[in-house]
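Note sheet for the following structure.
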Amino acid sequence: MAPKSDSTEAIVLNFVNEQNRPLNSQNVADSLQKFSLKKAGIQKALDNLADNGKISFKEYGKQKIYLARQDQFDIPNSEELNQMKEKNAQVQQQLNEQKRAISETEGEIRNLQSNLTLEQIRHKEAKLQQEVKEMEEKLVKLRTGVTLVRPEERKAIEEMYSEKVSHWRKRKRMFKDVWDAITENLPKDLKEFKDELGLEYDEDVGVSLQSFSGLLQHGKKRARDQ
């Protein structure tokens, strides 16, 4: 006689058959906690099921191992196994395709979320138009010769520039004095000696103190004319 579906034996039998693997009473008790079954009741149900031939068991010392009866399961032959493998491969391929489709959809959603809203686009357009307008106004002023630098700023820049040029001139003169003193009675060729020391004149690097001084004078002349 089969146990009632809601009895402890029925619950235990169903679990053992579903698992279809070696189990001890503790394994079963841990897995069936949601049914609020006591371990002693589970042990009794396992023993009754084994005694009635509903499940198999083996004893290892003091421990009993329970297992679903294998003769109740349909064991597939080699042809059926191959069919199952093919079916499994097809299902796996479909699963991979679904995962790929989900990934592509998520990517599209992320792209849509990263795009600007219509309101944001309009705001950015207005900001860019304002920047273009300001640059056009500056360009017009430059073309008409309007000075965009304030007089006090221009004066500060010219003073700083003049100071740097003055330092340049002083150091150039100091170097010439020292160089002349060192090389006055030097038997070596001066160009070779300069190359050995790794020295470079202004002309060697394409700059001229005179041209920079001329820029300063030209700037002062333009300021007077304006």
Carefully, step by step, assess Ser31 and Phe15 under the rule side-chain contact (heavy atoms from CB on, under 4.5 Å). CA-CA 9 Å; Ser31 300; Phe15 175 75; 3.3 Å; yes
Any ion pair linking Asp177 and Arg173 (charged N to carboxylate O, less than 4.0 Å)? no
Return the orientation label for the Trp179 and Tyr201 ring planes: parallel under 30°, perpendicular over 60°, tilted otherwise. perpendicular
Compute whether any side-chain donor of one residue and acceptor of the other, for Gln70 and Asn20, lie under 3.5 angstrom apart. yes
When you group the ILVMFWY residues by side-chain heavy-atom contacts below 4.5 Å and let the links chain together, are Phe175 and Leu197 in the same group? yes
Inspect the contact between Arg69 and Asp71 and indicate whether a charged nitrogen and a carboxylate oxygen are less than 4.0 angstrom apart. yes
Taking the basic N atoms (NZ, or NE/NH1/NH2) and the acidic carboxylate oxygens, is any pair closer than 4.0 Å for Asp204 and Lys194? yes
Following the transitive rule for hydrophobic clusters with a side-chain heavy-atom cut-off under 4.5 Å over Ile, Leu, Val, Met, Phe, Trp and Tyr, establish whether Val165 and Val205 coincide in one cluster. yes
With Ile55, which of Asn48, Val12, Leu46 fulfils side-chain contact (heavy atoms from CB on, under 4.5 Å)? Leu46
Asn82 versus Glu86, side-chain donor and acceptor atoms under 3.5 Å: no
Applied to residues 22-46, the ring-ring contact (aromatic ring centres under 6.0 Å, His included) test, sequence neighbours excluded, yields none
Side-chain ion pair, Glu158 and Arg154, N-O less than 4.0 Å: yes
Whether the Asn24 and Tyr60 side chains hold a donor-acceptor pair (N or O, under 3.5 Å, no angle test) is what I'd like checked. no
Cut-off 3.5 Å, side chains only: do Gln130 and Glu134 have a donor facing an acceptor? yes
salt_bridge(Lys188, Glu196) N-O dist < 4.0 Å: yes
Same apolar cluster: Met174 and Leu199, side chain cutoff 4.5 Å: no
Surrounding CD of Glu79 (heavy atoms of other residues, nucleotides or ligands, distance under 6.0 Å), is the total greater than 12? no
Could you check whether any side-chain heavy atom of Leu23 comes within less than 4.5 Å of a side-chain heavy atom of Val16, counting everything from C-beta outward? yes
Cation-pi check for Phe57 against Lys64: NZ or CZ below 6.0 Å from the six-membered ring centre and within 45 degrees of the axis, yes or no? yes
